[in-house]
Visitor: 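Following this message is one structure expressed as structure tokens.
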Amino acid sequence: MVMTLRVEVFARDLEAAGEFYRRVLGFEELNRQPDYLWMGRGTARIGIGERSEVVDPAHRRMPSGTELVLEVDDLDAEYARVVASGWPVEGEPRVQQWGLRDFRLFDADGYYLRVTSRGRSAPDVL
């Protein structure tokens, strides 16, 4: 039996959030409603709902936050795409203790993203 996962985030500005996922990470718009945007890239899917209340991005940081992980085939090309967009990243790609390389950034609403090389998942490595 196949299981898939999709993620929904809630944005203060639907257009700005859509622009981030489109321009910085290469997602495509799959469907649009007045207050909801459905985007995809490969098999990854993200729904973006519009939310008017503001949430302090510090509440999303570790240890109490959530990390959205995007696996890619070519991490260096993905890093170059993000850097070329002018979007800030936390640092250059680096190898983590579980053996995969990644880099990290926040989206337009403060959601924390980790872009990682494709490989074995962390529990298989540790």
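For this chain, numbers begin at 1 and follow the sequence in order. Owing to the predicted nature of the structure, the values given are computational and were not obtained by experimental measurement.
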Visitor: Evaluate the side-chain proximity of W38 to Q33: yes if any heavy-atom separation is below 4.5 Å, no if none is.
Guide: no
Visitor: Quick one: are N31 and M39 in side-chain contact, heavy atoms under 4.5 Å?
Guide: no
Visitor: Does this structure show an ion pair linking R118 with E78, if we count only N-O contacts that are shorter than 4.0 Å?
Guide: no
Visitor: Is there side-chain contact between T116 and V72, with at least one heavy-atom pair below 4.5 Å?
Guide: no
Visitor: How far apart are the closest heavy atoms of G26 and R81, and which atoms are they?
Guide: CA-NH1, 3.5 Å
Visitor: Please name the pair of heavy atoms, one in A16 and one in A108, separated by the smallest distance, quoted to 0.1 Å.
Guide: O-CB, 4.0 Å
Visitor: Between Y111 and F106, does a side-chain contact (heavy atoms from CB on, under 4.5 Å) hold up when you go through it step by step?
Guide: CA-CA 5 Å; Y111 288 97; F106 285 93; over 6 Å; no
Visitor: To the nearest 0.5 angstrom, please state how far the CD1 atom of I48 sits from the OH atom of Y36.
Guide: 8.5 Å
Visitor: Are any non-hydrogen side-chain atoms of R22 and F27 less than 4.5 angstrom apart?
Guide: no
Visitor: I'd like to know if the side chain of S117 reaches the main chain of L75, judged simply by a donor and an acceptor atom lying under 3.5 Å from each other, with no hydrogens or angles considered.
Guide: no
Visitor: Do the side chains of R45 and L30 get nearer than 4.5 Å, heavy atoms only?
Guide: yes
Visitor: Would you say the side chain of L37 lies within less than 4.5 Å of the side chain of E29, judging by non-hydrogen atoms?
Guide: yes
Visitor: Could you check R104 against Y112 for side-chain contact (heavy atoms from CB on, under 4.5 Å), going step by step and ending with a plain yes or no?
Guide: CA-CA 7 Å; R104 293 138 192 257; Y112 193 64; 3.3 Å; yes
Visitor: Which distance, rounded to the nearest 0.5 Å, do you find between the CG of L105 and the OH of Y79?
Guide: 10.5 Å
Visitor: Any non-hydrogen side-chain atom of D102 less than 4.5 Å from a side-chain atom of V115?
Guide: no
Visitor: Going through the distances and angles, do R41 and L70 end up as a side-chain contact (heavy atoms from CB on, under 4.5 Å)?
Guide: CA-CA 10 Å; R41 178 173 167 195; L70 302 169; over 6 Å; no
Visitor: Taking the side chain as every heavy atom from C-beta outward, state whether Q96 and R94 have any pair of such atoms under 4.5 Å apart.
Guide: yes
Visitor: Could you tell me the separation between the CZ atom of F20 and the CG atom of L113, rounded to the nearest 0.5 Å?
Guide: 5.5 Å
Visitor: Looking at L14 and P34, what are the two nearest heavy atoms and their distance?
Guide: CD2-O, 4.0 Å
Visitor: Any donor-acceptor pair under 3.5 Å linking the side chain of D109 with the backbone of R12?
Guide: yes
Visitor: Stepwise, does the side-chain contact (heavy atoms from CB on, under 4.5 Å) test hold for V82 with F103?
Guide: CA-CA 10 Å; V82 173; F103 68 93; 4.0 Å; yes
Visitor: Quick check: are there more than 12 heavy atoms from other residues, nucleotides or ligands sitting under 6.0 Å from CD of E28?
Guide: no
Visitor: Any link between V69 and V24 through a network of hydrophobic side chains (Ile, Leu, Val, Met, Phe, Trp, Tyr) touching at under 4.5 Å?
Guide: no
